[in-house]
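The block underneath contains the structure these notes are about, expressed in structure tokens.
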Amino acid sequence: MPIWLKRSRDMQERAAADREVRAAVEAMLGDIEVRGDAAVRELSARFDRWDREDFRLSGEEIDECMSQLTDQDLADIEFAQTQVRNFAQRQRETMLDLEVETLPGVTLGHRHVPINAVGCYVPGGKYPLLASAHMSVITAKVAGCARVITCAPPFNGRPAPAIVAAQAMAGADEIYVLGGIQAIGAMALGTESIEPVDMLVGPGNAFVAEAKRQLYGRVGIDLFAGPTETLVIADETVDGEICATDLLGQAEHGPTSPAILLTNSEKLARDTMAEIERLLAILPTADIARKSWADYGEVILCESHEEMLAEADRIASEHVQVMTDRDMWFRDNMTNYGALFLGPRTNVAYGDKVIGTNHTLPTMKAARYTGGLWVGKFMKTCTWQTVTTDAASAAIGEYGSRLSMLEGFVGHAEQANIRVRRYGGRNVPYGAAVARGAQAAE
Ligand SMILES: NC(=O)c1ccc[n+]([C@@H]2O[C@H](COP(=O)([O-])OP(=O)(O)OC[C@H]3O[C@@H](n4cnc5c(N)ncnc54)[C@H](O)[C@@H]3O)[C@@H](O)[C@H]2O)c1
Ligand SMILES: [Zn+2]
């Protein structure tokens, strides 16, 4: 049985916080739906002290933001975007359209059709998370989405130059400076000044993630991508300093970000906890990281690699850093994770910022049923069918007629029957079928 050397905050407290967020989000989305731009403007003033005539940036404003970055900044963004684009393109190439003759004269197929209009949220409350612009906007563009719009909150009272540069360089068609629920609501529901989109993507804080969840159905969403989580699986092949660095590196995202160590070595567990205290004394973002570690940090001691694997699947963390004597065994056997970072030479920050895999990943155990954002999330896989011979139409029609009548669907049966009569040259036992349908209906 695993032993907890450090536990996280009570689940009941978290559930209560979730309920409050749910209620607040519902009220604000309702207001945006009814009052449009006026509600968006009020919420933006209230939460971000940000108001202007038009929340969309003009071409000159975008150029002005770009001019505030150095050549090195721009080259670095360009490098990261190239990696994200390349990997997305290679993934797109694996998605093949299908056309197959399943029976003589029966051809079925599917096409991957890009979603027309997408809204990409780029978080920017605590940090200007420009990397999220590459992850959403570029991936949507690789998928072939025609209209890709993007929102990010103001940072220090104005548009964050690095986010705007990343949004523009990624190819966004419209750039708005709006954050939180008001951004998500405006993009999904539409206002007088913003045309609504078909799908919302991108990570964000608990308010953003909950707003997307509530709007799902009205629009598509990528996945539940709330506050970041990280899990480090390590054995004695690594030391406490690297484990502590990898835990705190992600704990700095926000005060509710869980960072969990799973290990089969009590020595490594104790060394890591001591290193965390040492690093918290010197890390400039320690204010946030100290709080998330205190409230949500966990250290779990397991007896074996098998037990670590089972615990990791139960936790279903967004990011999983594996540093063991059998990293590929974890890759081949783990089933619940957002993304894997295998071996001590890579880490979550590489994935977050630059290596090319997408950083928008499932949180709150959504990894049980979905992977992260990728080009396939921007495509609808739509089927088509055709019947190319009279014989096939009549043959399928006979089955279709009988199966429809088993359900009492006379109209459906007649859709089949008319084809049996026309293409098979035979009459079908329609009367008997109708009688059975009538019985079923009584
Ligand atoms: N799951 C992922 O893939 C992933 C990736 C990157 C980042 N993240 C997460 O994204 C989040 C970014 O959060 P952030 O807060 O820095 O930026 P954010 O842009 O998500 O949220 C900022 C907005 O929240 C709104 N807001 C703040 N307090 C509010 C309140 N009390 N009521 C209603 N609205 C309020 C404001 O409008 C503000 O613009 C972090 O939690 C980080 O962990 C997740
Ligand atoms: Zn991160």
Side-chain angles (χ1 to χ4, degrees), residues 17 20-29 31-32 40-51 55 120-136 150-157 159-160 163 176-186 201-212 221-230 246-259 285 288-289 292 296 317-319 321 337-339 341 347-355 357-367 370-374 377:
E20 271 174 40
V21 171
R22 271 205 299 278
V25 167
E26 195 178 350
M28 290 180 222
L29 289 178
D31 194 24
I32 293 169
V40 167
R41 187 173 299 287
E42 278 173 30
L43 292 170
S44 180
R46 174 167 150 206
F47 291 113
D48 293 329
R49 289 198 212 95
W50 175 248
D51 189 9
F55 289 104
C120 301
Y121 187 74
V122 177
K126 288 181 277 302
Y127 306 90
L129 251 164
L130 65 122
S132 292
H134 332 320
M135 305 300 172
S136 303
T150 176
C151 280
F155 192 73
N156 292 334
I163 290 184
Y176 297 87
V177 182
L178 270 177
I181 301 163
Q182 54 278 20
I184 296 294
V201 302
N205 64 15
F207 298 100
V208 168
E210 174 60 20
K212 280 170 61 191
I221 64 168
D222 48 355
L223 53 131
F224 194 84
T228 283
E229 311 162 348
T230 205
D246 285 344
L247 289 165
L248 288 183
Q250 298 302 313
E252 86 178 353
H253 268 283
T256 57
S257 276
T285 52
I288 296 176
S292 57
Y296 293 93
S317 182
E318 180 197 1
H319 302 108
Q321 167 90 40
Y337 56 89
F341 302 82
N347 68 88
V348 177
Y350 286 7
D352 273 356
K353 308 301 173 204
V354 62
I355 212 165
T357 51
N358 207 293
H359 86 187
T360 302
L361 297 165
T363 59
M364 304 279 284
K365 293 188 189 281
T370 183
L373 184 56
W374 74 293
K377 292 259 185 194

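One-based numbering, in listed order, for ligands and for the atoms of each. Below, all heavy atoms of this structure are taken into account, side chains as well, without hydrogens, waters or symmetry copies.
The line from OG1 of Thr357 to CZ of Phe341 is 5.5 Å long, rounded to the nearest 0.5 Å.
On a distance-only criterion, Glu318 and ligand 1 share at least one N/O pair closer than 3.5 Å. Checked by distance only, ligand 1 and Leu361 come closer than 3.5 Å through their nitrogen or oxygen atoms. Of the N or O atoms in Gly124, one or more lie within a sub-3.5 Å distance of an N or O in ligand 1. In terms of N/O distances under 3.5 Å, ligand 1 is not approached by Thr363.
Proximity to Val208 (heavy-atom distance under 4.0 Å) selects the following atoms of ligand 1: 20 (O). Here is the list of ligand 1 atoms found below 4.0 Å of a heavy atom in His253: 42 (C), 43 (O).
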Assess whether side chain to side chain contact (heavy atoms under 4.5 Å, CB included) is satisfied between Gln182 and Trp50, documenting all intermediate values. CA-CA 12 Å; Gln182 54 278 20; Trp50 175 248; over 6 Å; no
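The shortest heavy-atom distance from Ala24 to ligand 1 is not under 4.0 Å. For the pair Glu229 and ligand 1, no heavy-atom separation below 4.0 Å is found. Using a 4.0 Å cutoff on heavy atoms, Gly254 does not count as a contact of ligand 1.
Here Thr256 has no heavy atoms under 4.0 Å from ligand 1, in either its backbone or its side chain.
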Can you give each donor-acceptor pair under 3.5 Å made by side-chain atoms of residues 221-230, sequence neighbours left out, with the distance rounded to 0.1 Å?
residue : atom : partner : partner atom : Å
Asp222  : OD1  : Lys212  : NZ           : 2.6
Asp222  : OD2  : Gly202  : N            : 2.8
Glu229  : OE1  : Glu318  : N            : 3.2
Glu229  : OE2  : Met364  : N            : 2.7

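Here the Zn ion (ligand 2) has protein N, O or S atoms under 2.8 Å from it, and they come to 3.
Taking each of Val21, Asp48, Asn358, Leu373 in turn, the one with a heavy atom nearest to atom 36 (C) of ligand 1 proves to be Asp48.
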